[in-house]
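In the text below, chain A, chain B and the rest are named by the order of the sequence lines, each starting its count at 1. This one's a predicted model, so the numbers in the text were calculated from it and none came from an experiment.
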Amino acid sequence: MAKQVVQLDRVIIRFAGDSGDGMQLTGDRFTSETAMLGNDLATLPDFPAEIRAPAGTLPGVSAFQLHFADHDIMTPGDAPNVLVAMNPAALKANLPDLPRGSDLIVNTDEFTKRNLHRVGYDESPMEDGSLEAYRVHAIPLTSMTVGALKDVDVTRKEAERAKNMFALGLLCWLYHRPTEGTIAFLEQKFASKPTLLRANTIAFEAGWSFGETTEDFSVSYEIKPAPVRPGQYRNISGNLAMAHGLLAASWRSGLPLFLGSYPITPASDILHELSKHKRFGVRTFQAEDEIAGVGAALGAAFGGHLGVTTTSGPGLALKAETVGLAVSLELPLVICDIQRGGPSTGLPTKTEQSDLLQALYGRNGEAPVPVVAPRSPSDCFNAAVEAVRIAVTYRTPVIVLSDGYLANGSEPWRIPDLDELPTIDPEFATEPNHTSADGKEEFWPYLRDPETLARAWAAPGTAGLEHRIGGLEKQDGSGNVSYDPANHDLMVRTRQAKVDRIAASIPPLEVDDPGDDADILVLGWGSTYGPIGAAVRRCRDAGLHVAQAHFRHLNPLPDNTEHVLKRYRTVLLPEMNLGQLAMLLRGRFLVDVISYTQVRGMPFKAAELASVIQEAASDE
Amino acid sequence: MNSPAPGFGLIAAAAGKDSHVDPLAGIPTVDEPLKTKDFKTDQEVRWCPGCGDYAVLAAVQSFLPELNIRRENIVFVSGIGCSSRFPYYMNTYGMHSIHGRAPAIATGLAISRPDLSVWVVTGDGDALSIGGNHLIHALRRNVNLKVLLFNNRIYGLTKGQYSPTSEQGKVTKSTPLGSLDVPFNPVSLALGAEASFVARTIDSDRKHLTGVLRAAAHHRGTALVEIYQNCNIFNDGAFELLKAPDTRDDAVIRLEHGEPIRFGAEGQHGVARMPDGTLRVVDVAEYGTKRLLVHDAHAPNPEVAFALSRLADPSSLNATAIGVYRDVHRATYDDLLHEQIAAAVDDQGIGDRPVLEDLIAGKDTWHVDT
C-alpha cells in the first residue's frame with residue numbers, strides 16, 4: 001500500500017536522549033541531509049557540561065533541535081512538532097516544551113520500572129493516559145535494532161548503541177531525507193572497523209524500512225527546498241565559520257596565523273579546527289593557561305604575524321591585563337570570546353550575552369578596545385574577517401563576541417567568493433620615518449597615520465628600525481618612556497580617538513522598516529538577531545508596524561546610532577543579560593531604551609519576544 | 001626584511017634542520033662585525049647607582065657581537081621589575097611587557113619567527129612568583145629562548161618586600177616578624193621542570209658571567225641563566241659570602257664540564273658521590289682526588305645536576321655551585337612545530353588559495369541556480 005505524502009512548510013524536530021545515546025551525532029546527520037535537500041534550517045544543540053552524567057537521569061539528558069522549512073527561517077524554533085525521546089528522562093525533561101497534538105516517538109525499551117523510578121515516574125506515562133494529547137509512536141527502538149543486527153558479529157552493547165542510527169533511519173524516511181550522505185559518513189567514520197560499519201548501516205536502513213512498512217506511520221512528509229540567492233551552499237556551525245574566517249583573513253592580509261589558546265567550553269572547537277591546518281602555515285599553540293594563550297598571540301603579533309586567542313568569559317577575565325598591554329603597544333590582536341552563562345564557571349554549555357561590559361571596559365586604565373559581534377552561526381566568518389581588518393588596519397586588539405548558541409548552532413551558508421573580502425593591508429614600516437635634530441634618520445614607532453591614527457608597525461628583522469615598546473606610557477611619536485602629564489593626557493585621548501575613528505570605516509546602522517512608519521524599533525546585537533527577526537515578522541503579520549536594527553559593531557557604534565534611536569518613539573532592546581547595552585545606550589544618548597532581558601542559558605523564543613514587542617508597542 | 005611575505009607564512013619552516021650542527025641556525029648573520037656600542041641606546045639608564053644590573057647590561061652588550069648575528073634579529077622581552085627595564089637599554093628590538101608574562105610572550109614570538117634570537121630578562125619575583133607557571137612551561141617545552149633570571153632575593157621596584165628566593169625569616173616591610181616561607185632554589189626548580197640548559201653565575205664576575213652567557217647563546221632550546229645580582233638598596237650584600245675575597249673560595253663551587261669538582265683557595269674541598277647516591281663536600285686531603293665527582297653537564301639524566309644544586313645552604317648560600325649545571329640536546333618545541341608544518345606541506349601540498357577555497361566550501365555542498 002502506497003502511503004500518503006503530506007506537504008509541510010516547516011518542521012521542528014527535537015532528538016533527546018542520554019548523553020551517551022549519540023543524540024548530537026544523530027542531529028548533525030539529519031541536519032546534513034536536510035541541508036543537502038536545500039531546506040533552510042537552524043539548529044540548537046543543548047547538552048550538559050558533564051561528559052557522561054549518570055545514565056538515565058535528568059541532568060544527563062542531551063538534546064538537539066532542528067528547524068527546517070521551505071522558506072527563509074531565523075531560529076531553531078520555539079517548540080518542537082516532533083520529539084524523539086530515547087528514555088524516560090528525555091521524555092520528562094522535554095515534554096513540557098511539546099505542544100499538544102505533536103508527534104512523540106518513544107523508545108519503549110527504556111521504559112523499565114527502574115528507569116521510570118529514577119526520574120520520579122511512579123507509573124509509566126505510556127500507560128497512565130498522561131500522553132493522550134500527543135500522537136504517540138511507541139517503538140521498541142533498542143530491541144528492534146538488536147533484532148536487526150542478530151546476524152552481525154557485534155556484542156549486545158554494540159548493537160544497542162546503534163539504536164540512534166535506527167531512529168535516524170526512521171526520521172529520514174518520515175521526512176523524505178536522502179540517505180547517501182549518512183551512508184558515506186558511516187563509511188568514513190568506521191573505515192577501520194568494518195563490523196561496526198555494517199552494524200550501523202544495517203540499523204540505519206532497518207529504521208528506514210520500519211517506517212516504510214509499519215502501520216504506525218500512515219503518512220510521510222515532504223518539505224520543499226527554500227528559495228534562496230543563487231550560489232554554492234554548505235551548512236556551517238559558528239565555531240567552524242569563525243575558524244574559517246580567521247584563515248581567510250590570514251590569507252587576505254598575508255599575515256601567517258598564530259593561535260594561542262587554552263581549552264575552554266564552548267570555544268575549544270576553534271582551536272581543534274585550526275590545529276588541523278598546518279599546510280597553511282598556521283601555528284596553533286595550546287598554552288599553559290589563558291594568560292599564556294593571549295601572551296603568546298601578542299608575542300606573535302610583535303613578530304609580524306596575525307595573533308589570535310580564543311576563549312570564553314572566565315578566560316577573557318584572565319586575559320584582561322594582556323589585552324591592556326596590547327592597547328598600549330598598539331599591536332593587532334584578535335580575541336574571540338565565545339560567551340557562556342556566568343558569573344564564574346556558570347553554565348559552560350549554555351549561551352548568554354553577559355560579557356559585553358567586560359569586553360568593553362574590563363581593563364585597568366582608559367583602554368578602549370573595538371568589539372564586533374556576529375549575528376548568526378555563518379556570520380561568525382564575516383565577524384572574524386572584520387575583527388582582523390580592524391585589528392591590522394588600526395593596530396589594536398579587537399574582541400569578537402560570539403556565544404554558545406552561535407558556536408554550536410548551524411545554518412546553510414552561501415559560500416563566499418574570497419574576492420569579496422575587504423582589503424586588509426598590514427603596511428609594515430620598512431624604512432626610517434623621522435629625522436632627529438642632529439640629522440640622523442631614525443624610526444619612531446609611535447608616529448601615526450593622520451587619517452586612521454594607526455602607528456607605524458615594524459617587525460623584528462627589519463634593519464635600522466630597531467625599537468623598544470612596552471606597557472609604560474610612551475612619548476607621542478618617539479615611543480620613549482614618558483611620565484610627562486601633558487603627554488599622558490594626549491596619549492590617552494589619542495588611543496580613544498583612534499578607536500573612535502574606526503566608525504568612519506564601518507557601515508551605518510541599517511534599519512529594516514518596510515513602511516518607514518514604524519512606531520517601535522527593536523534593537524539587538526549578536527546572537528539575538530534570529531529570534532528578534534522572527535518575532536518582528538510575527539508582529540508584522542499581525543499588522544504591527546515594527547522596525548528592526550541590529551548592531552555588528554559595539555565599539556565604536558555606527559555614526560548614525562543616535563539619529564536612528566531618536567527617530568522612534570519606542571525603542572526596545574532584548575538581551576541575554578541584565579540590560580548591558582541598554583544601559584550604555586541610555587547613558588550615552590539619553591534615550592529611554594526599554595530593556596527586556598532573560599538569562600536562562602537558552603536563546604529567546606520568537607513567540608515570547610513577539611508578545612513583548614506587542615506589549616511595548618501598545619504601551620505607547 | 002624577513003618579516004612575512006604576502007601569502008601564507010611558511011617562512012623558515014626548515015630553519016631547525018641544521019640545529020645539531022649550528023645552534024644559531026636560521027638567524028641571519030652580519031656582513032660586518034658589530035661592536036659593543038652598536039648595542040647601546042640613547043636612553044638614560046635609570047637603575048640605582050651601584051646596582052648589579054649595570055654589570056649584566058655591560059656584559060651582554062659586549063658579548064653579543066661575538067655571535068655574529070644581526071642586531072635586527074635579536075629581541076629582548078622582559079616582564080616587570082627593576083631588571084625588566086633592560087630592553088630599553090639594548091639597541092635591538094625589545095618589549096617591556098607585564099608582570100611575569102615575558103616567557104609566554106617570548107614563546108609566541110620565538111615560535112612564529114625562527115629567524116630571531118629571543119632573550120627573556122626577568123627577576124626572582126617576576127619569574128618565580130607571578131610568572132612561575134610560564135617559566136616552568138617554557139622550560140618543559142624547550143622553546144628556543146634564553147632566559148636571564150636576575151636574582152637579588154628581594155622585591156626592588158616595589159621597595160623591599162621579600163621575594164620567593166628570600167631566605168626564610170627575612171625581615172622586610174611586609175614581613176616585620178620574618179618571612180615564613182621556604183625559598184625556591186631556581187636551579188633545582190628549572191631542573192625539575194625538564195630544562196635542557198641550566199646555569200648560575202654572579203653579576204660581579206664578568207668573565208664567568210660572559211662564559212655562561214656564551215654557553216647559553218649556543219644552546220638551542222630554553223636556556224635558564226640564574227644571575228646572582230646585588231640590590232644595594234634593599235638587600236645589599238645578599239651574596240657577600242660568594243663575593244668577598246676572604247670567603248668566596250670556600251663558599252663557591254665552580255663547575256667545569258669534564259673536570260673533577262674541587263674548590264677552596266688551594267682546591268682543598270671536593271664534591272663526591274656517597275654510596276647512597278647523595279653528594280657531599282669532602283676534604284680532598286683526606287678523601288683523595290680519584291673518587292671526586294667529575295662534572296658532566298651533558299649527562300642525559302639530571303639527577304646529579306639536581307644533587308649539585310642542593311649542596312648550597314638555602315639561607316646562607318654556602319657551597320653554591322656556579323657554572324653550567326646542565327646542557328643537553330633536546331629537540332625544541334619550535335623546531336618540532338616547523339617540522340610538522342613542513343611535513344604537512346610535503347604530504348598535502350602548500351595551502352594556497354584554491355586549497356583555502358576547497359576548505360571553506362567543505363565536502364557537503366549544494367548549488368542553487370534560481
What part of [X] lies closer than 4.5 angstrom to a heavy atom of chain B: side chain, backbone, both or neither?
X        : result
A:Leu325 : side chain
A:Ala241 : neither
A:Leu240 : neither
A:Ala458 : both
A:Phe258 : side chain
A:Thr322 : both

Legend entry - Lys/Arg N to Asp/Glu carboxylate O, A:Glu288 vs B:Arg141, below 4.0 Å: yes

What part of [X] gets closer than 4.5 Å to chain A, counting heavy atoms only: side chain, backbone, both or neither?
X        : value
B:Gln348 : both
B:Leu116 : side chain
B:Thr92  : backbone
B:Tyr333 : side chain
B:Val355 : both

For [Y], does its backbone N or O pair with a side-chain atom of [X] as donor and acceptor, under 3.5 Å?
X        : Y        : value
B:Tyr93  : A:Phe302 : no
A:Arg279 : B:Ile341 : no
A:Arg468 : B:His96  : no
B:Arg101 : A:Gly295 : no
A:Arg234 : B:Thr365 : no

Only pairs of heavy atoms separated by less than 4.5 Å count here; which of [options] has the most with chain A?
options                                : value
B:Ala344, B:Gly131, B:Ala102, B:Gly108 : B:Gly108
B:Leu337, B:Asn133, B:Ile27            : B:Asn133
B:Ala106, B:Gly349, B:Gly362           : B:Gly349
B:Gly94, B:Ala138, B:Ala343, B:Gly100  : B:Gly94

Could you tell me which of [options] has the largest number of non-hydrogen atom pairs under 4.5 Å with chain B?
options                      : answer
A:Gly231, A:Ala300, A:Gly470 : A:Gly231
A:Asp289, A:Thr284, A:Val294 : A:Asp289
A:Leu465, A:Leu298, A:Leu329 : A:Leu465

About how many Å separate [atom2] of [Y] and [atom1] of [X], when rounded to the nearest 0.5 Å?
X        : Y        : atom1 : atom2 : value
B:His137 : A:Gln286 : NE2   : CD    : 11.0 Å
A:Thr462 : B:Asn73  : OG1   : CG    : 8.5 Å
A:Ile236 : B:Ile360 : CD1   : CD1   : 8.0 Å
B:Ser112 : A:Leu306 : OG    : CG    : 10.5 Å

Do you know which two heavy atoms are closest between [X] and [Y], and how far apart they sit?
X        : Y        : result
A:Tyr483 : B:Arg46  : CE1-NH1, 3.5 Å
A:Ala463 : B:Glu72  : CB-OE2, 3.2 Å
A:Ala248 : B:Leu356 : CA-CD2, 4.0 Å
B:His99  : A:Glu321 : N-OE2, 4.2 Å
A:Phe280 : B:Leu359 : CE1-CD2, 4.0 Å

Using a cut-off of 6.0 Å, state whether more than 12 heavy atoms not belonging to [X] lie near its atom [atom1].
X        : atom1 : result
B:Asp347 : CG    : yes
B:Phe184 : CZ    : no
A:Tyr262 : OH    : no

(message) Can a side-chain donor-acceptor contact be found between A:Asn235 and B:Asp364 if the only test is distance below 3.5 angstrom?
(response) no

Q.
Is it true that B:His338 and A:Arg283 share a donor-acceptor pair across their side chains at a distance under 3.5 Å?
A. yes

* Is the centre of the A:Tyr233 ring less than 6.0 Å from the centre of the B:His367 ring? -> no

Heavy-atom distance under 4.5 Å between the side chains of A:Ile415 and B:Glu357, does that happen here? no

Indicate yes or no: at least one non-hydrogen side-chain atom of A:Pro460 is less than 4.5 angstrom from one of B:Val75. yes

Review point. Between B:Lys363 and A:Gln188, does a side-chain contact (heavy atoms from CB on, under 4.5 Å) hold up when you go through it step by step?
Key: CA-CA 13 Å; B:Lys363 288 183 190 129; A:Gln188 203 188 343; 4.0 Å; yes

Stepwise, does the side-chain contact (heavy atoms from CB on, under 4.5 Å) test hold for B:His134 with A:Ile291? CA-CA 9 Å; B:His134 307 307; A:Ile291 300 172; 4.0 Å; yes

Assess whether side-chain contact (heavy atoms from CB on, under 4.5 Å) is satisfied between A:Leu472 and B:Arg85, documenting all intermediate values. CA-CA 10 Å; A:Leu472 286 171; B:Arg85 300 296 175 96; 3.8 Å; yes

